[in-house]
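Have a look at the structure below before the remarks.
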Amino acid sequence: MPTLTLPDGSTRSFDDATTPGGVAADIGPGLAKAALGARVDGELVGLDHVIDRDATISLITGPRGKDPCSEDALWLIRHSAAHIMAEAVQRVFPEAQLVYGPPVDDGFYYDIAMPEGQTISSGDFERIEVEMDAIVKEDRPFSRCTMSAEEGMARLEGEGSKYKIDNARRALEAGADTLSWYATGNPGEHWDDLCRGPHVPSTGRVGGFKVMSVAASHWHGDADSDRLTRLYGTAFPDRKRLAAHLERLEEARKRDHRAIGRKLGLFRIDDMVGQGLVLWTPKGAIIRQELQDFISTELKRQNYEPVFTPHIGKLDLFRTSGHYPYYQDSQYPPVVDPEAMNRLVDEGCSCADLSNRLHEGEVEGYLLKPMNCPMHIRIFAGEPRSYRDLPVRLSEFGTVYRYEQSGELGGMLRVRGFTQDDAHLFCTESQLQDEIAGCLELVRIIFNTLGIESFDVRVGLRDPEATKYVGSPDLWDRAEEACRAAAETLGDAWHAEEGEAAFYGPKIDFIVQDAIGRSWQLGTVQVDYNLPERFDLSYIGPDNAPHRPVMIHRAPFGSMERFVGFLIEHFAGAFPAWLAPEQVRVLPVSEKSSAYAAEVHDALRAAGQRVTLDEGNERLQARIRTAAEEKIPYLLIVGPRDAEAGTVSVRARGIERDLGAVQLQAFVDAIATETRDRCEGVVQSLFADAGVA
RNA sequence: GCCACCGUAGCUCAGUGGUAGAGCACACCCUUGGUAAGGGUGAGGUCACGGGUUCAAGUCCCGUCGGUGGCUCCA
């Protein structure tokens, strides 16, 4: 005789065991119709879940009106849609074997083992959707069917799907005592799939769905295991919400830095130059240079000392640092001294021999630097250091090269040559926490100035199970504690993640998402006990004895490439005036005003603004449209009236009308302030004061 | 690197094995227009590259290079 407590605190008693479906019906027919599932004592269950003892229950319904759909409802709908898609795939490709089909952030996927020689391509999506549509229209119930472990395994052995057998074994190992199947319809009669559930009550509840894309995956995420076809889909309670979602995706794609970068001429990646190697065009170079100037100002305040180091260094340097040969796969191959190369050729040395001999150090060569730290370390080590000198903070916009896997490259976000806004801090143990906090402060300044509000702070700790880490456990404990304490000073939410530390020390990363929802690490602060050891770094302490410094690697932007790639998407190409490649464009109304327009142009140029003059052979409307598409922050429209009064008519980006006319000098002063202070709104305040805007 | 898909003008994209196309951008001409596309003319192509099948290949097949998505990786 279960008594159930509802979310509002009220209770309902039942004479016999009941189900969430029963509870819903007991409350009212409207709820019974709207219910998709429930949480019983916090556990997500289907409407047919048997409740035979007291519990709390919260029914899950589809959204009403324009309300957003609850996470639970979406989960049920998408998990159910995955089944429907799987059934449809097996109708179209009867020999396809199913592996695993969970809901994910924006939808769901199903991993499928296709028979040799068959593939699913985007051209098949429509056929699959037609089948899905039929299954949804039939509105067949999702029926659960349970078998004992023995019975269930026997069934699976009989069917012979090694993937489902594996899934079942894992479920049993995880503690399940039975196996369950969900049929879309009647068990034994209709299609079914091994599944823990739960699902929505019937296929018709999946109101809007779409097969989105096809990709490859590996069984168990193991690159050496079977290759599977991963079919992605998405589903919503109704078509309207699906359409809204697809529209959002479309909007997001418009923000893609690759598309905007091309359109606005910010960068290119050229086949002839090489994969993952970014060419910064003049406009993109301005943005990069502005960011560099901005951070350099902050670095001066924090007493950093700029240095320059070469792009290439002897292999021995990287052997000492440990980067060669352990990360050989992700480095451009070494450059071997020509004389040594000729000698090796004469000796008939094979490629494998060469590789070995480079590895062993018998042949010397040079490596494009995959990181700047060894070079900075040699600067630190180049003179005796006293504790009075610490911390030493060496900074450099250092370009590094890493031979990332070709499939991983993408636009500016993952490249093979990139410039870190790098610095290495050498300090004492007791200075560590303050120094980390100083580094985090830099990131904070950058994010605040650029209005970046949506990011994750991750403190990467060592994985207690793994053995790849160097350094003593108590040093690690202290460093991890220093990172946590420093993260605490940020004032933002942060989370610790085990196993995310570098092998040489814990770190704090700032993670953002790109336009299509992928996560990228931008700024990073990493503590390092390893390299000071390997390079035998020391300073003389107050006790007149040598001590080992601690190193911090830090890059608040991360890399200029990735940061600007992210920034393009963050601003959708509409950079604030201080960053905009072109800040102002002067548009004479007609040729009659070109002399005055040139005067305006020259005044702004003299004030240091990036300004152009568009005297094109087009109508004013067309020139405004062009400038708007180029995301230029301010347009100055000047005609005879302005020439007469010495004014400019200002049009600010994103405002589809003229703000009004101001004296030329007032505009020059305002934009000079706005760009100098790296802020927004100074120009517009000219008009706000007048009550115009 | 792996799997799938894709590669046609600077860009976005049409193109049924039978003469290479459009819009935008570009150049020139006309138009001098006060707030998001004025009109005309023209130029622009080794259909990514290399093989093959065919009377005939942008189109079909194979390979290479490059891009996209995902997987794996990311010191």
Tell me the salt bridge (charged side-chain N to carboxylate O under 4.0 Å, His left out) pairs involving [range], sequence neighbours left out?
{"range": "residues 100-114 of chain A", "value": "A:Asp111-A:Arg230"}
{"range": "residues 367-376 of chain A", "value": "A:Lys369-A:Glu396"}
{"range": "residues 500-522 of chain A", "value": "A:Arg458-A:Glu500, A:Arg458-A:Asp509, A:Lys507-A:Asp509, A:Asp514-A:Arg518"}

Residues forming a side-chain hydrogen bond (donor to acceptor under 3.5 Å, both in side chains) with A:Tyr529, sequence neighbours excluded
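Counting only residues at least two positions away or on another chain, A:Tyr529 forms a side-chain hydrogen bond (donor to acceptor under 3.5 Å, both in side chains) with A:Glu429.
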
Just jot down the side chain to side chain contact (heavy atoms under 4.5 Å, CB included) partners of [X], sequence neighbours excluded, or say none.
{"X": "A:Ile312", "answer": "A:Val335, A:Tyr366"}
{"X": "A:Arg127", "answer": "A:Val92, A:Phe93, A:Asp124"}
{"X": "A:Leu368", "answer": "A:Tyr332, A:Tyr401"}
{"X": "A:Ala86", "answer": "A:Leu98, A:Tyr110, A:Trp191"}

For RNA chain B, the expected dot-bracket line (Watson-Crick or G-U under 3.5 Å, [ ] crossing, | inter-strand) is (((((((..((((....[..)))).(((((.......))))).....(((((..]....))))))))))))....

Distances under 3.5 Å only, N/O to N/O: pair up the protein atoms with those of nucleotides 12-14 of chain B.
{"residue": "B:rU12", "atom": "OP1", "partner": "A:Arg262", "partner atom": "NH1", "Å": "2.8"}

Considering only residues two or more places apart or on different chains, which pairs with a residue in residues 624-642 of chain A satisfy side chain to side chain donor-acceptor pair (under 3.5 Å)?
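Matches after skipping sequence neighbours: A:Arg585-A:Glu630, A:Arg625-A:Glu629, A:Tyr634-A:Glu674, A:Asp642-A:Thr647, A:Asp642-A:Ser649.
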
Would you list the protein and nucleotides 63-68 of chain B atom pairs, both N or O, that sit under 3.5 Å from each other?
{"residue": "B:rG66", "atom": "OP1", "partner": "A:Gln275", "partner atom": "OE1", "Å": "3.3"}
{"residue": "B:rG66", "atom": "O2'", "partner": "A:Asp271", "partner atom": "OD1", "Å": "3.2"}
{"residue": "B:rG67", "atom": "OP2", "partner": "A:Gln275", "partner atom": "NE2", "Å": "2.4"}
{"residue": "B:rU68", "atom": "OP1", "partner": "A:Arg258", "partner atom": "NH1", "Å": "3.3"}
{"residue": "B:rU68", "atom": "O3'", "partner": "A:Arg258", "partner atom": "NH1", "Å": "3.4"}

